[in-house]
Amino acid sequence: MNGQRIAVIVNPQSAHGRTGRLWPEIERGLRHHCGEFSVFRTKATEHAVTLTRVALQHGYERIISVGGDGTHYEVINGFFENGALLNPNAVLSILPYGTGSDLARTLGIPRDGPAFRTVLSEEIVQADVGRISLTRENGEPETAYFLNTCHVGIGG
């Protein structure tokens, strides 16, 4: 990984807790393929946003998101603060451990164990990121970022 500092954001609750149950095996696979990394475990909704920002602010250059589409959505949002990228050179990799894994399917990333090869690839795929501005129920403005799809209360 060319000396890259790697942070793994893992949602142990993704796929109805399956990711948490499989975490020891996932962690072994990641360590086998990329050596050292720091693990950040989510504890609540939107926690991955905060954890990703903390990792980027502390100099991590590759963020590996382990979970489902919701986890990846939160991690993507963590790359941004006040409308700007925290680190334009940082790379997002996803390790799909969700129930649907639509984003992984769209990107052609295999699910579970076989994804280790693509997650740690040096090949960088640039992708457009969508941005939506909205107002929360409490009247607070918010900006959200997304890849693949964006739902507004209901999903297709």
Side-chain angles (χ1 to χ4, degrees), residues 1-131 143-151:
M1 300 268 70
N2 297 337
Q4 246 180 4
R5 290 188 64 208
I6 301 170
V8 176
I9 311 294
V10 60
N11 178 357
Q13 297 305 312
S14 68
H16 309 290
R18 178 175 167 262
T19 304
R21 291 188 298 277
L22 293 175
W23 177 244
E25 177 184 329
I26 297 166
E27 185 176 24
R28 275 193 303 278
L30 282 170
R31 292 218 186 271
H32 173 75
H33 284 87
C34 68
E36 288 303 309
F37 55 84
S38 297
V39 178
F40 298 81
R41 289 177 181 80
T42 64
K43 294 186 167 107
T45 302
E46 298 189 19
H47 193 207
V49 175
T50 303
L51 294 175
T52 302
R53 285 181 183 151
V54 167
L56 291 169
Q57 290 165 346
H58 283 88
Y60 289 90
E61 299 138 326
R62 181 176 294 256
I63 307 295
I64 300 175
S65 177
V66 181
D69 290 333
T71 305
H72 307 319
Y73 165 80
E74 289 185 19
V75 170
I76 289 162
N77 277 272
F79 272 74
F80 296 87
E81 190 168 52
N82 300 321
L85 282 167
L86 285 170
N87 178 350
N89 296 316
V91 175
L92 168 66
S93 297
I94 67 169
L95 190 56
Y97 275 88
T99 50
S101 296
D102 293 328
L103 179 59
R105 256 197 316 272
T106 298
L107 297 174
I109 298 171
R111 293 188 66 176
D112 302 339
F116 288 131
R117 289 187 315 276
T118 58
V119 162
L120 304 172
S121 171
E122 292 296 325
E123 180 182 344
I124 305 297
V125 176
Q126 291 190 3
D128 290 331
V129 176
R131 179 180 69 196
T143 301
Y145 301 89
F146 60 93
L147 292 170
N148 199 32
T149 61
C150 180
H151 298 274

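For the numbers below, each heavy atom of this structure counts, side chains included, while hydrogens, waters and symmetry mates do not.
Here the straight-line distance linking atom CH2 of Trp23 with atom CD1 of Ile26 works out to 6.5 Å at 0.5 Å rounding. Taken from CG in Leu95 to OG1 in Thr71, the straight-line distance is 11.0 Å, to the nearest 0.5 Å. For the atom pair CD1 (Ile6) and CG (Leu30), the distance works out to 8.5 Å, reported to the nearest 0.5 Å.
Between Arg62 and Ser93, the closest heavy-atom pair is NH1-OG, 2.8 Å. When all heavy atoms of Pro96 and His72 are compared, the closest pair comes out as CA-NE2, 4.1 Å. Across all their heavy atoms, Ser14 and Gly68 have their closest contact at CB-N, 3.8 Å. Taking each heavy atom of Tyr73 and Tyr145 in turn, the nearest pair found is CE1-O, 3.2 Å. Scanning all heavy atoms of the two residues, the minimum distance from Ala15 to Gly98 falls at CB-C, 3.9 Å.
Qualifying side chain to side chain contact (heavy atoms under 4.5 Å, CB included) partners for Gln13, counting only residues two or more places apart in sequence or in other chains: Asn11. Contacts of Ser38 classified as side-chain hydrogen bond (donor to acceptor under 3.5 Å, both in side chains), with partners at least two apart in sequence or in another chain: Tyr60. Arg31 is linked by a side chain to side chain contact (heavy atoms under 4.5 Å, CB included) to Glu27, Glu36, Phe37, Val39, counting only residues two or more places apart in sequence or in another chain. Under the rule for a side chain to side chain contact (heavy atoms under 4.5 Å, CB included), the partners of Leu86 that lie at least two apart in sequence or sit in another chain are Arg53, Leu56, Gln57, Glu81.
Within the 4.5 Å cutoff, the side chain of Phe79 has no heavy atoms near those of the Val129 side chain.
Considering Leu85, Val91, Asn87 as possible partners of Asn89, the one that fulfils the side-chain contact (heavy atoms from CB on, under 4.5 Å) test is Asn87. Under the side-chain contact (heavy atoms from CB on, under 4.5 Å) rule, Val75 has a single partner from Ile94, Ile9, Thr42, which is Ile9.
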**OP:** Take Thr143 and Arg131 through the test side-chain hydrogen bond (donor to acceptor under 3.5 Å, both in side chains) and record every step on the way to the result.
**Re:** CA-CA 7 Å; Thr143 301; Arg131 179 180 69 196; 5.9 Å; no
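With hydrogens and angles ignored, the 3.5 Å screen pairs a side-chain donor or acceptor of Arg5 with a backbone N or O of His58.
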Side-chain donor-acceptor distances from residues 43-52 under 3.5 Å, at least two apart:
residue: Glu46; atom: OE2; partner: Arg136; partner atom: NH2; Å: 3.3
residue: His47; atom: ND1; partner: Lys43; partner atom: N; Å: 2.8
residue: Thr52; atom: OG1; partner: Ala48; partner atom: O; Å: 2.7

